[in-house]
Amino acid sequence: MDPRLERLWWTLRIAFGLTAFLAGLDKFFGLLVNWVQYLSPLITKTIPVSPDVFMRVVGVIEMAVGILVLTGLTRLGGYIMMAWLTLIALSLLTTGHYFDVAVRDLGLAVGAYAMARISEVREEAYAKHRVGRLQTV
């Protein structure tokens with residue numbers, strides 16, 4: 001694969017993986033922000049747990065997605081992250097506030113999609129390389 005794409009893939013993988021993991025971890029500590037403020041009133045009315053507990057569940061999901069991306073399941077993690085960020089953006093739109101954050105999250109969703117697609121190209125290139133090496137043996 002083109003070394004320029006390889007560097008891009010590693011940059012996206014590390015940035016998205018760490019961001020998801022650290023944002024998820026912060027759901028337990030609240031050092032970055034009070035995450036509950038971003039919850040849609042529609043969600044807080046329908047969830048069977050407190051908003052704090054719900055955000056911790058969200059944090060676990062985000063940490064899991066970050067680990068997927070960082071440990072090599074980048075394509076799968078990228079697609080999950082894309083869907084997750086899109087859902088977050090849609091939820092933010094229902095708050096009546098935080099439209100800027102919703103737009104940012106949609107942009108991040110596009111970046112996660114790009115990372116997943118580059119991962120597919122990368123996987124195909126390595127598979128072709130392996131098949132080519134086996135045929136020459």
Checklist entry - If two hydrophobic side chains count as joined below 4.5 Å and joins carry through other members, does Val110 share a cluster with Met81? => result no
Checklist outcome for this item: Interatomic distance, CE@Met55 vs NZ@Lys27, rounded to 0.5 Å, equals 5.0 Å
Checklist outcome for this item: In short, Leu68 meets Gly77 closest at the heavy-atom pair CB-CA, 4.1 Å
Checklist entry - Run the side-chain contact (heavy atoms from CB on, under 4.5 Å) check on Thr95 and Tyr38 step by step: do they pass? => result CA-CA 8 Å; Thr95 65; Tyr38 294 114; over 6 Å; no
Checklist entry - Which distance, rounded to the nearest 0.5 Å, do you find between the CD of Glu62 and the OG1 of Thr19? => result 10.5 Å
Item to check | Check: Trp84 and Ile61 side chains under 4.5 Å, non-hydrogen atoms | outcome: yes
Next on the checklist: How close do Ala102 and Ala89 get, counting heavy atoms only, and between which atoms?
Outcome noted: O-CB, 3.5 Å
Checklist outcome for this item: Output for pair (Asp52 CG, Asn34 CG), nearest 0.5 Å, gives 7.5 Å
Next on the checklist: So does Leu87 get a backbone contact from the side chain of Ser91, meaning a donor-acceptor N/O pair under 3.5 Å?
Outcome noted: no
Checklist entry - Any side-chain donor paired with an acceptor under 3.5 Å for Ser119 and Thr74? => result no
Next on the checklist: If you apply the rule side-chain contact (heavy atoms from CB on, under 4.5 Å), what do you find for Phe16 with Leu108, and how did you get there?
Outcome noted: CA-CA 9 Å; Phe16 276 106; Leu108 289 170; 4.0 Å; yes
Checklist entry - So, is the end of the Arg13 side chain (NZ or CZ) under 6.0 Å from the ring centre of Trp10 and within 45° of the ring's axis? => result yes
Item to check | ILVMFWY cluster, Tyr113 and Val121 together (side-chain gap under 4.5 Å) | outcome: no
Checklist entry - Just wondering, do Arg122 and Leu5 contact through their side chains at under 4.5 Å, heavy atoms? => result no
Next on the checklist: Can you tell me how far apart CD1 (Ile47) and CG (Leu42) are? Round to the nearest 0.5 Å.
Outcome noted: 11.5 Å
Checklist entry - CZ of Phe54 to CZ of Arg56: how many Å apart, nearest 0.5 Å? => result 13.5 Å
Item to check | Met115 and Val69: CA distance, side-chain angles, deciding distance, side-chain contact (heavy atoms from CB on, under 4.5 Å) verdict | outcome: CA-CA 10 Å; Met115 177 184 65; Val69 169; 4.0 Å; yes
Item to check | ILVMFWY network linking Ile14 to Met82, side-chain heavy atoms under 4.5 angstrom | outcome: no
Item to check | Side-chain (Asp26) to main-chain (Leu31) donor-acceptor, under 3.5 angstrom | outcome: yes
Next on the checklist: Would you say Val101 ends up clustered with Leu93 if hydrophobic residues are merged whenever their side chains have heavy atoms under 4.5 Å apart, either directly or through other cluster members?
Outcome noted: no
Checklist entry - Are Val58 and Val33 connected in a single hydrophobic cluster, I mean Ile/Leu/Val/Met/Phe/Trp/Tyr linked by side-chain heavy atoms less than 4.5 Å apart? => result yes
Checklist entry - Rounded to the nearest 0.5 Å, how far apart are CG of Leu90 and CG of Leu85? => result 11.0 Å
